[in-house]
There are 2 protein chains.
Amino acid sequence: MVTELPVVDVTDACCASVVGEAMDADTAATLASKFKAIGDPTRLRLLSLVAAHEGAEACVCDLTEPVALSQPTVSHHLKVLVEAGLLTRSKRGTWSYYALVPGALDDLADLLRTPLTV
Amino acid sequence: MVTELPVVDVTDACCASVVGEAMDADTAATLASKFKAIGDPTRLRLLSLVAAHEGAEACVCDLTEPVALSQPTVSHHLKVLVEAGLLTRSKRGTWSYYALVPGALDDLADLLRTPLTV
DNA sequence: CCCATTCATCGACGGATGTCAATGTATAGG
DNA sequence: CCTATACATTGACATCCGTCGATGAATGGG
C-alpha cells in the first residue's frame, strides 16, 4: 500500500540499469513506480499532449476534451504524473499549468538501455 | 477488460514518440501495456535477473528464490513479460528458459527520448 | 512402471486503481 | 458582494492486479 514515492531517488543509484547487475528490491520499487506512472494509456496521452502543446505546457482545461474524460479524472492522472517526477505544476491565476520535467523521461530511457559492451 | 495485446505493434507507429506529436488512443494503449509490464517491482527484478544470469537466460527455478515469491507468482509475472514482448520462453526438457528479446527494451527507451531538435 | 522434479494453470482472496458525481476552494469580473 | 470559471479533493463504485495454495501436465530417472 506504499504508494508514496520511496526515499531512494533513481539518480541515487548512479549506475543502475535494468539489464546490468541484478537489481535490489528498493531500486526496483522506485523504478517501477515511475514506469507504472506511464503504464496507463491516459497518462501517456497526457504526457504527449503536454509536450506537444504550445509553450510545452498545458492547463487542465486544455486536456480534458482531447482525452474525453472528466475533469476530476484528468486532475487525478496529472497528480500521479507530478508525483512520479515527470510533470511540474505551476499555478497562475485560476489555471494550473503542467509541463514536462526536463530530462525526466530521458533518465528513464537510459535505464532501459542494454549495455552493448558487457 | 481489454487486456489482450492490441493488434497495433509499437514498431508499426514508425515515428511514434511520447514527446513528439500528440499520441492517438490506440498507440497509447499499445505503448502503455508495455510500460505497465515493467511498472511492477517484481517484473523489473525478473528482467534484471534474467539479463544478469549466466548465458543471459534463466529458468523459473533460478528466479523463485531471489525474488522470494511462490513459483506460480513468478510464472505469472514471466508470462506477463513474454506477452509484452520483452522475454522469450524456450522449453528444454523439464525446464523453461527465459531470455530478453533483443532490442525490445531499447525500442521502448527510444520512445521516451525527448527530441533535442524540435 | 512409479515417482520426483519443473512448470503452467486454476480458483480465490485482499488490496490497488480508474472513473465519475458531488463538493470544496480560490481567483477573477462585474 | 455575487457569480462564474478553473481546479482539487472526497467518496463511492466496479474492475483490475498481485499473491498464494492446490492441482494438472510433461519430462526424466530408477
Side-chain angles (χ1 to χ4, degrees), chain A residues 1-6 25 28-29 31-47 49-50 53 57-84 87-99, chain B residues 1-6 25 28-29 31-47 49-50 53 57-84 87-99:
Chain A
M1 78 298 252
V2 177
T3 53
E4 305 296 331
L5 206 55
L31 247 179
S33 69
K34 300 211 168 203
F35 285 124
K36 190 191 294 185
I38 58 176
D40 177 273
T42 299
R43 288 195 287 267
L44 221 38
R45 295 190 70 196
L46 289 175
L47 276 182
L49 287 166
V50 168
H53 200 265
E57 67 176 6
C59 59
V60 181
C61 56
D62 291 327
L63 305 169
T64 303
E65 180 260 340
V67 298
L69 289 174
S70 71
Q71 173 264 317
T73 299
V74 173
S75 283
H76 162 67
H77 284 305
L78 290 171
K79 182 178 184 178
V80 171
L81 290 170
V82 168
E83 288 174 344
L87 286 184
T88 58
R89 182 171 81 114
S90 57
K91 189 154 189 169
R92 296 201 298 275
T94 317
W95 294 269
S96 284
Y97 290 94
Y98 289 87
Chain B
M1 54 318 291
V2 177
T3 52
E4 305 297 331
L5 206 55
L31 247 180
S33 70
K34 299 212 167 201
F35 285 125
K36 190 190 294 184
I38 59 176
D40 177 273
T42 300
R43 288 196 286 267
L44 222 35
R45 295 190 70 195
L46 288 174
L47 276 182
L49 287 166
V50 167
H53 201 265
E57 66 175 8
C59 58
V60 181
C61 58
D62 292 326
L63 304 169
T64 303
E65 181 260 340
V67 298
L69 289 174
S70 72
Q71 173 264 317
T73 299
V74 173
S75 282
H76 162 66
H77 284 305
L78 290 171
K79 181 178 184 177
V80 171
L81 290 170
V82 168
E83 289 175 342
L87 286 183
T88 59
R89 183 171 81 114
S90 57
K91 190 154 189 168
R92 296 202 298 273
T94 318
W95 294 269
S96 284
Y97 291 93
Y98 289 86

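Just the heavy atoms: all of them, side chains too, but no hydrogens, waters or symmetry mates, feed the values below. Lettering follows sequence order; numbering is per chain, from 1. Predicted model only: the values in this text are computed from it and were never measured.
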Could you list all N or O pairs between the protein and nucleotides 25-30 of chain D that sit under 3.5 Å apart?
none

Distance check needed: [N] [atom2] versus [X] [atom1], whole Å only.
{"X": "A:R43", "N": "C:dG18", "atom1": "CZ", "atom2": "C1'", "result": "8 Å"}
{"X": "A:D40", "N": "D:dC16", "atom1": "CG", "atom2": "P", "result": "14 Å"}
{"X": "A:E57", "N": "D:dA6", "atom1": "CD", "atom2": "C1'", "result": "15 Å"}
{"X": "B:L81", "N": "D:dC17", "atom1": "CG", "atom2": "P", "result": "14 Å"}
{"X": "B:L46", "N": "C:dC7", "atom1": "CG", "atom2": "P", "result": "13 Å"}
{"X": "B:K36", "N": "D:dC16", "atom1": "NZ", "atom2": "C1'", "result": "8 Å"}
{"X": "A:E65", "N": "D:dT5", "atom1": "CD", "atom2": "P", "result": "18 Å"}
{"X": "A:L78", "N": "C:dT19", "atom1": "CG", "atom2": "C1'", "result": "15 Å"}

For this session: Measure from the side-chain heavy atoms of B:S70 and tell me the nearest of C:dC7, D:dC20, C:dC20.
Result: D:dC20

For this session: Record whether the side chain of A:Q71 comes under 3.5 Å of the base of D:dA8 through a donor-acceptor pair of N or O atoms.
Result: yes

Quick one: is [X] getting a side-chain N or O under 4.0 Å of the [N] phosphate, OP1 or OP2?
{"X": "A:Y98", "N": "D:dA8", "value": "yes"}
{"X": "B:H77", "N": "D:dT19", "value": "yes"}
{"X": "B:S75", "N": "C:dA8", "value": "yes"}
{"X": "A:R89", "N": "D:dC7", "value": "no"}
{"X": "B:T73", "N": "D:dT19", "value": "no"}
{"X": "A:H76", "N": "C:dC20", "value": "no"}
{"X": "B:T64", "N": "C:dT6", "value": "no"}
{"X": "B:K79", "N": "C:dC7", "value": "no"}

Exercise. With a 4.5 Å limit on heavy-atom distance, are the side chains of A:H53 and A:L49 in contact?
Worked result: no

